[in-house]
Amino acid sequence: MADDDIFSVRPEIAASAHADAARYEEMYNASVADPEAFWAEHGKRLDWIKPYTKVKNTSYDYHNVSIKWFEDGTLNVCANCVDRHLKDRAHQTAIIWESDDPGVSQHITYQELYEQVSKFGNVLHSLGVKKGDRVILYLPMIPAAAYAMLACARIGAIHSIVFAGFSPDALADRINDCGAKLVVTADEAPRGGRATPLKANVDKALARCGSDVRCLVVRRTGGAVPMTEGRDVWYHDEVERVSDHCAPVEMSAEDPLFILYTSGSTGKPKGVLHTSGGYLLYASMTHQYVFDYQEGDIYWCTADVGWVTGHSYIVYGPLANGATTLMFEGVPTYPDAGRFWEVCAKHKVNIFYTAPTAIRALMGQGEEFVAKHDLSSLRILGSVGEPINPEAWRWYHRVVGRENCPIVDTWWQTETGGILITPLPGAIALKPGSATRPFFGVQPCVLNDRGEEITETACEGVLAIKDSWPGQMRTVYGDHDRFVSTYFEMFKGYYFSGDGCRRDKDGYYWITGRVDDVINVSGHRMGTAEVESALVAHPKVSEAAVVGFPHDIKGQGIYCYVTLMSGEEPSDELRTELRNWVRKEIGPIASPDVIQWAPGLPKTRSGKIMRRILRKIAENDFGALGDTSTLADPSVVDNLIENRAVK
Ligand code: 6R9
C-alpha cells in the first residue's frame, strides 16, 4: 500500500537542516496557535524601512473577503533582494545564467546585479514609468528578465510577465487587461536551437492595443527586427543615457508587486495580484526551509520566469536569501536528453527543482543520459506542477538522486504565492506521490461535497485552506468579485483550492488533481491521476491522460489516452495487457473502458495536460473544443480526433 511506503528522514540531512522533526512540530504548532506572534517574529527576516505594528488583518467572510499582512510596514522588495546583500556578499554570484547554447554561461555577482537593476530602473523612469504603472515583460530566460522584474520592484511599478511561448493574441489580451504602458521584450528568444520572434509577436499584439503603449527591446540574438519610430526603443541605446544610481522607492507592504495571469476552468485568464511584504517574506522563508537552503549552495529551479514558480523560486525567494540562483534559457532535451544533468555537473548544483512532466520525458529516454554526468553535488531534489506519479518519483530518487537526496514534492498554486504543502527535507519522512504535510502557518482541511470539514484523519474530499498565510493572492486584478466568487463562494469561510485530495492515516496529503478531473465510476470516486499513475508505471507507457466520459451503466467510464515509449508498437494485445495491468494496480473498478493510442497529448506551454480538450474528444463533442490557442502544439488535437477510439 502506497501509504505505508515510507522513506525516512536521512540523519545527515536532519543534523544540519533548518528544521528537524521536533523543530518542525514546534514551529508548526506555534504558527497555527498564534499566527500573529509567529509571523510578527518571522517578518523580521526582511529589511523594513518602517517596521510594521500590525501583522495580520484577514477575512475569509464571503461578504467581505480582505487579505492584508504587515499593512502599516514599508519596504522595498528590490532592496531586500539586492542592496542589503552588498555589505557581505557583493562579490558572491547572485545569478548563474546558462544559455540555450551549451557553450555559453555567465556569472553575475550581487554587485553587478545591483548596477544592472539600478540602470534598468532608470531606463524605465526615462520612459515615463512611475509607481503603480503596469509593465508587461515578454522575455527569454536571460538575466535581463530578472533585472527587469527587480527594476520594476525598485521603482514601484507592477510587472506582469507573459510567458514567451504565448501568442500575440494572448499577449495583447494581457496588455489590455492590466492597462500596461510599456512592454519589455527582446529581439528573439532562442530555445532548443530555435528562435521565437518575440519582437515580431509584440508588433502583432500592439496592433490590438492603445497607441500609447511603448516597447523597450533588449538585444538577445542580434536578429534584425523592425522598430517603430516613437514607440519602440532599444535598451542598449537608452541605458547609455541614464545614471547608475536609482533609489529604491518606499512601498507599503500591501502595494502590488506583480500581476500574473493564470487560466481558470472557464473564461478568460485571471490576473492574480500579489503584493510586496507578505509575498516576499513567504517566498523567502519557504525557499530556505523547503529546500533546506544553506549558505553557499548552488540552487537551480528549471521553471520559466513566465510562471509563478519562476517568480517565487528563481528570482524573489532565492535572491531575498542571498542565494546563488541558476537561470536556464534552454530545454531539457537540447542538444540531447542529458542537458539537465550536464548543467548540474557543470555548475555543481546542490538543489534541483523541476516538474514531473520533465522527469517523465527524460525517464523515457533511458538512464544512460543521466549516468554520463557527475551528479554527486546534488543534495535536495524538488518537484512541482502536478502530482508526481510514484513511478517517476522512484526514478528521480534512484537514478538522479542516487537514493540519497530527499525529494520535496511541493504543492502550491499561482494563487498561493509560495509552497503550501511539502515535506521539509530534514523533518518529514517521504512517501512517493504525497506532498506530505503543511508548511508553517498553513491549515489545510478536507471538505466533503456539502462543504463540511471532515474531521477523521484518513479521508478524501476537496482541499481547502482554513486561514490566510502571508503569500496569498490579494485579489484578481480589476475584478475583486471574481476573486471572491472563484475562491470563497462555493465553500464559505475557506480558501478553495480547486484540487481534490486524500489525507492518509498519518495525516499526509495526497493531491488527486483538479476537482474537475475527479470521475465517478459506478458511484466510486476516482482520481484520474490514479489511473494515469498506474498506466505510466507500465514499462511500455511513457505518458497517459485519463478523463471521464458519459457511460450508460456506470455513470462515467474511464477513457485513457496513452503515449507509448519510443520503439513500442500499439496492438490489441497491448491494450488488453494495459487494461489488466490497471485492474491489477488499482482494482477492477479502475479498468479502462477505452484506450486510445496518442502520439502526443495536448499540453499547455507549461506542460500541463489540457484535460478539458481530452474530455471533449472522449465525449465525441468536437464542435466545442473551446480555446486551443494556448496549446504548445495544436496539431496534436487533430490527430486525436482523427484516430478517436471507437467505443
Ligand atoms: C506552482 C504551480 C497549480 C495547480 C494546482 C495543482 C497542480 C502543483 C502540485 C500539483 C500535485 C503538486 N499542482 N503542484 N499537484 N502535486 N506538487 O504549479 O502553480 O501553475 O498555478 O498550478 O497545479 O492542481 O492546483 P499553477
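Both counts, for ligands and for their atoms, begin at 1 and track the order of listing.
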Participant: Please list, in number order, the atoms of ligand 1 under 4.0 Å from a heavy atom of Val384.
Facilitator: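 Selected atoms, number and element: 1 (C).
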
Participant: What distance separates Ile13 CD1 from Cys405 SG, expressed to the nearest 0.5 Å?
Facilitator: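 These two atoms lie 7.0 Å from each other.
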
Participant: Should the ring pair Phe352 and Tyr396 be called parallel, tilted or perpendicular, given that the plane angle runs from 0 to 90° and is split at 30 and 60?
Facilitator: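 Perpendicular: the ring planes of Phe352 and Tyr396 meet at over 60°.
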
Participant: Given that the side chain starts at C-beta and the backbone is N, CA, C, O, which of these parts of Glu386 lies under 4.0 Å from ligand 1, counting heavy atoms, or is it both or neither?
Facilitator: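 For Glu386, only backbone atoms sit under 4.0 Å from ligand 1.
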
Participant: Under a 3.5 Å threshold, yes or no: a donor from one side chain and an acceptor from the other, between Arg502 and Thr512?
Facilitator: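 No, no side-chain donor-acceptor pair sits under 3.5 Å.
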
Participant: Suppose I only count heavy atoms of Thr309 and a 4.0 Å limit; which atoms of ligand 1 are within that range?
Facilitator: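 Contacts of ligand 1 toward Thr309, numbered from 1: 1 (C).
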
Participant: If we set the cut-off at 4.0 Å for heavy atoms, which region of Thr414 has an atom near ligand 1: side chain, backbone, both, or neither?
Facilitator: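 Both the backbone and the side chain of Thr414 come within reach of ligand 1.
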
Participant: Please check whether Val308 reaches ligand 1 - meaning an N/O of the residue sits under 3.5 Å from an N/O of the ligand, judged on distance alone.
Facilitator: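 No; the residue has no nitrogen or oxygen that sits under 3.5 Å from a nitrogen or oxygen of the ligand.
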
Participant: Between Pro387 and ligand 1, which part of the residue brings a heavy atom under 4.0 Å of the ligand: side chain, backbone, both or neither?
Facilitator: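 It is both backbone and side chain that touch ligand 1.
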
Participant: Could you tell me if the ring centre of Tyr289 sits under 6.0 Å from that of Phe440?
Facilitator: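 Here the rings of Phe440 and Tyr289 have centres that are less than 6.0 Å from each other.
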
Participant: Side chain, backbone, both or neither: which applies to Ile388 and ligand 1 if a contact is any heavy-atom pair less than 4.0 Å apart?
Facilitator: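 For Ile388, there is no contact with ligand 1 at all, from either part.
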
Participant: Is the ring pair Tyr279/His274 parallel, tilted or perpendicular, if the boundaries are 30 and 60 degrees?
Facilitator: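 The rings of Tyr279 and His274 sit tilted, inter-plane angle from 30° to 60°.
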
